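Note that the structure is predicted; figures quoted are calculated from it, not measured. Quick note on labels: first sequence line is chain A, next is B, and so on, each numbered from 1.
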Protein chains: 2
Amino acid sequence: MITSFAGESKHFLDEKSRLSIPAKYRRWLTEEDAEYTFVITKGADPCLIAYPAIEWDMFAEKLRNLSQFKKKNRAFIRTWSRNSIRLKCDKQGRILMPQRLLDFANIKKEVAIIGALNYLELWEPEMLKEHQESQIPLDDDYFEDLADIF
Amino acid sequence: MITSFAGESKHFLDEKSRLSIPAKYRRWLTEEDAEYTFVITKGADPCLIAYPAIEWDMFAEKLRNLSQFKKKNRAFIRTWSRNSIRLKCDKQGRILMPQRLLDFANIKKEVAIIGALNYLELWEPEMLKEHQESQIPLDDDYFEDLADIF
DNA sequence: TATTATTGTGGGTAGATGTGGGGAGAAATC
DNA sequence: GATTTCTCCCCACATCTACCCACAATAATA
């Protein structure tokens, strides 16, 4: 069983737009990720997602099964791919964040890093707060549906 | 069958915010938890919950199967995991408690540790007392409902 | 009760981690 | 080809973590 990410911590971009990935998340990567490679993409929510490269590769593998003959599939694959960047940590465990992605998530300096099972979410703290507050609370129906699974 | 936790005992945080996990609870962990790893989360009541890591991992494994394309799933996973922190006991059987979690449960120095089946509850003693007193007593209807199960 | 083992608590310290910044070489631009 | 920009290595150092040892408190045994 692969150990899942968990927890939240607050970090800061330095002057060079580098983000230090907490050691505990780096350490949870499997052997294949020995070089600490992540794929960063734009999230469906206004945040960035950092997948361990191996996790992203598995997802990409699934996308290959989408038919190329459907226009929407092509569009989705295109959007997904162009927003994903493969980035390696430097020897200090930091990732140099592209400005384009930082802008998308409105990240200036402060970053909330959330370990969420098999990926990390990177949030501008204020955005995270607003987003969580504006959420429709998970209702009974949702948990009823979940109960079918668990 | 896995042995269940039971009992209550009073402990103290030391100067370094370390909480000593009673040996009886550590011993009840299975072989896989040889390193005595817990996942601490915010409870639904104003206390902290400590799961043996293996228990939490089993649940996390299920959550991984929820589709990322559903907004509610993402919200649920985010909320669940950001409040969970994986912590390992040191060689003396103590856990270094993050201030963020201590604040949530209003824990200063004294901690009541309650062993409850497959998890531990960590309470600030005064909070526990108040909470129990303010509770609506369990009524006959509740036990009638229980009777359907047992 | 005395003796031994186990457990809980305190605190020093080496090593791990996070953060900042210089600068060599690569890449892009003119 | 020259200049500028970018990337990533390196070193520095402050902070944090977790190991270790010491010993007190408690439980277990003779």
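Among the nucleotides C:dG10, C:dG20, C:dG18, the one closest to the side chain of B:D14 is C:dG10. For B:K16, taking side-chain heavy atoms from C-beta onward, the closest of the listed nucleotides C:dG20, C:dG11, C:dG8 is C:dG11. With C:dG18, C:dG20, C:dG8 as the candidates, the nucleotide lying closest to the side chain of A:P22 is C:dG18.
Donor-acceptor pairing under 3.5 Å, judged by distance alone, is absent between the side chain of B:K91 and the base of C:dG8. Contact of A:R18 with C:dG18 (side chain to base): no donor-acceptor pair of N or O atoms is detected under 3.5 Å.
Look at CG on B:D90: it is 11 Å from C1' on C:dT9, rounded to the nearest Å. In this structure, the CD atom of A:Q92 is 12 Å from the P atom of C:dT17, given to the nearest Å. At whole-Å resolution of the value, CG in B:L13 and P in C:dG8 are 15 Å apart. One interatomic measurement links the two molecules: NZ of B:K24 to C1' of C:dT7, which rounds to 13 Å at whole-angstrom precision. As a whole-Å value, the separation of B:R26 CZ from C:dT6 P is 13 Å. Straight-line distance from the OH atom of A:Y25 to the P atom of C:dT17: 14 Å, rounded to whole Å. Here the P atom of nucleotide C:dA27 and the CG atom of A:L96 are 15 Å apart, to the nearest Å.
For the residue pair B:R86 / B:T37, no side-chain donor-acceptor distance below 3.5 Å is found, with atom types taken as modelled. B:R18 and B:Q92 form no side-chain donor-acceptor contact under 3.5 Å, judged by distance and modelled atom types alone. Side-chain polar atoms of B:N106 and B:K108 form a donor-acceptor pair below 3.5 angstrom.
Distance CD1/B:I114 to OH/B:Y119: 9.5 Å, rounded to 0.5 Å.
Under the 30°/60° scheme for interplanar angles, the aromatic rings of A:F59 and A:W80 are found to be tilted.
A:E15 comes within 4.0 angstrom of sugar-phosphate atoms only, judged by non-hydrogen atoms across all strands, and of no base.
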Practice problem: Apply the test side chain to side chain contact (heavy atoms under 4.5 Å, CB included) to residues B:M127 and B:I107: give CA-CA distance (whole Å), side-chain angles for both, the deciding distance (0.1 Å), then the verdict. | Solution: CA-CA 9 Å; B:M127 295 276 286; B:I107 293 171; over 6 Å; no
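Here chain B contacts DNA chain D (any atom closer than 4.0 Å to a heavy atom, that is under 4.0 Å), and the contacts span D:dT17 to D:dC21 from 5' to 3'.
Paired with A:L102 under the rule side-chain contact (heavy atoms from CB on, under 4.5 Å), one option of A:V111, A:L13, A:L19, A:L122 passes, and it is A:L13.
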